[in-house]
Amino acid sequence: MTQNRTELGKVVGANLKRLIKESVYRTQAIFAQEYGVDERTVRRWVSRGIEKVYIIDEIADFFKIDRMSLLSEREEVSPFYRTFRVLTLFQNICYNSYRQRQFIEN
């Protein structure tokens, strides 16, 4: 039982690392400041995992995701990252359209 709990905690830590990297916070230090904990705590969560359910729930609420997204081993794209990718795609489309107009006019 303890082994499974530890492994699941490490999955949560890995997902937290991915969420931080894909979010507007980008670094563990900025996330720690916004979340209201010490940076060492976040580093410990990422490296050793999180086993306490109430912390998992609080982090899920903070990122506005379901708890299962943190507990799942499969790669899921966070809403922050999805929005970033859509905006980047839109920016590229606009830029390419602008460049094509410039090329046609010249």
Side-chain angles (χ1 to χ4, degrees):
M1 175 77 168
T2 306
Q3 182 66 22
N4 290 339
R5 187 174 176 171
T6 302
E7 289 174 10
L8 192 56
K10 288 188 178 192
V11 168
V12 173
N15 286 331
L16 176 60
K17 181 178 181 178
R18 181 180 47 79
L19 279 171
I20 292 170
K21 190 174 185 179
E22 294 174 354
S23 73
V24 296
Y25 308 110
R26 294 290 204 201
T27 66
Q28 294 176 16
I30 296 171
F31 169 74
Q33 183 179 11
E34 291 295 317
Y35 189 69
V37 296
D38 191 65
E39 185 179 346
R40 291 175 293 189
T41 302
V42 175
R43 282 197 310 259
R44 186 179 66 243
W45 288 343
V46 167
S47 66
R48 296 183 194 161
I50 305 171
E51 294 182 10
K52 296 181 180 174
V53 176
Y54 77 92
I55 295 174
I56 295 170
D57 286 340
E58 288 175 358
I59 291 172
D61 287 342
F62 184 82
F63 280 106
K64 295 178 179 38
I65 60 173
D66 185 62
R67 176 197 313 171
M68 292 309 293
S69 297
L70 282 171
L71 296 170
S72 175
E73 287 193 64
R74 62 189 173 135
E75 276 293 310
E76 293 183 19
V77 178
S78 72
F80 294 111
Y81 185 68
R82 187 177 303 119
T83 302
F84 173 75
R85 290 188 60 192
V86 168
L87 290 175
T88 303
L89 179 62
F90 180 72
Q91 180 183 15
N92 289 340
I93 290 170
C94 291
Y95 179 74
N96 289 337
S97 175
Y98 170 76
R99 294 293 293 164
Q100 284 176 346
R101 256 187 281 143
Q102 292 295 324
F103 180 74
I104 292 172
E105 290 175 1
N106 292 333

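- Looking only at side-chain heavy atoms (C-beta outward), Leu19 and Phe31 stay at 4.5 Å or farther from each other.
- Evaluation of the salt bridge (Lys or Arg N to Asp or Glu O under 4.0 Å) rule for Asp38 yields Arg40 as partners, not counting sequence neighbours.
- Closest approach of Arg26 to Lys21, counting heavy atoms only: NH1-O, 2.9 Å.
- Separation of atoms CD1 (Ile56) and CD (Glu51) is listed at 8.5 Å; rounding is to 0.5 Å.
- Applying the salt bridge (Lys or Arg N to Asp or Glu O under 4.0 Å) criterion to Asp57, with sequence neighbours excluded, gives Arg67.
- Note that CZ of Phe63 is 4.5 Å distant from OG of Ser23, once rounded to the nearest 0.5 Å.
- Here the closest heavy-atom approach between residue Phe62 and residue Glu34 is recorded as CE1-O, 4.0 Å.
- Checked against side chain to side chain contact (heavy atoms under 4.5 Å, CB included), Ala29 has the following partners two or more places apart in sequence or in another chain: Thr27, Glu39.
- Scanning all heavy atoms of the two residues, the minimum distance from Gln28 to Arg43 falls at OE1-CG, 3.2 Å.
- Looking at every heavy atom in both residues, Leu16 comes nearest to Leu70 through N-CD2, 4.3 Å.
- Scanning for side-chain hydrogen bond (donor to acceptor under 3.5 Å, both in side chains) contacts around Glu58 gives Tyr35, with sequence neighbours left out.
- For Ser69 (side chain) and Ile65 (main-chain N/O), no donor-acceptor pair under 3.5 Å exists by modelled atom type.
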Given the rule in the side-chain contact (heavy atoms from CB on, under 4.5 Å) test, do Ile20 and Val42 qualify, once you have shown the distances and angles that lead to the verdict?
CA-CA 10 Å; Ile20 292 170; Val42 175; 3.9 Å; yes

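- A donor-acceptor pair is defined here as one N or O able to donate and one able to accept, closer than 3.5 Å; such a pair exists between the side chain of Asn15 and the backbone of Ser72.
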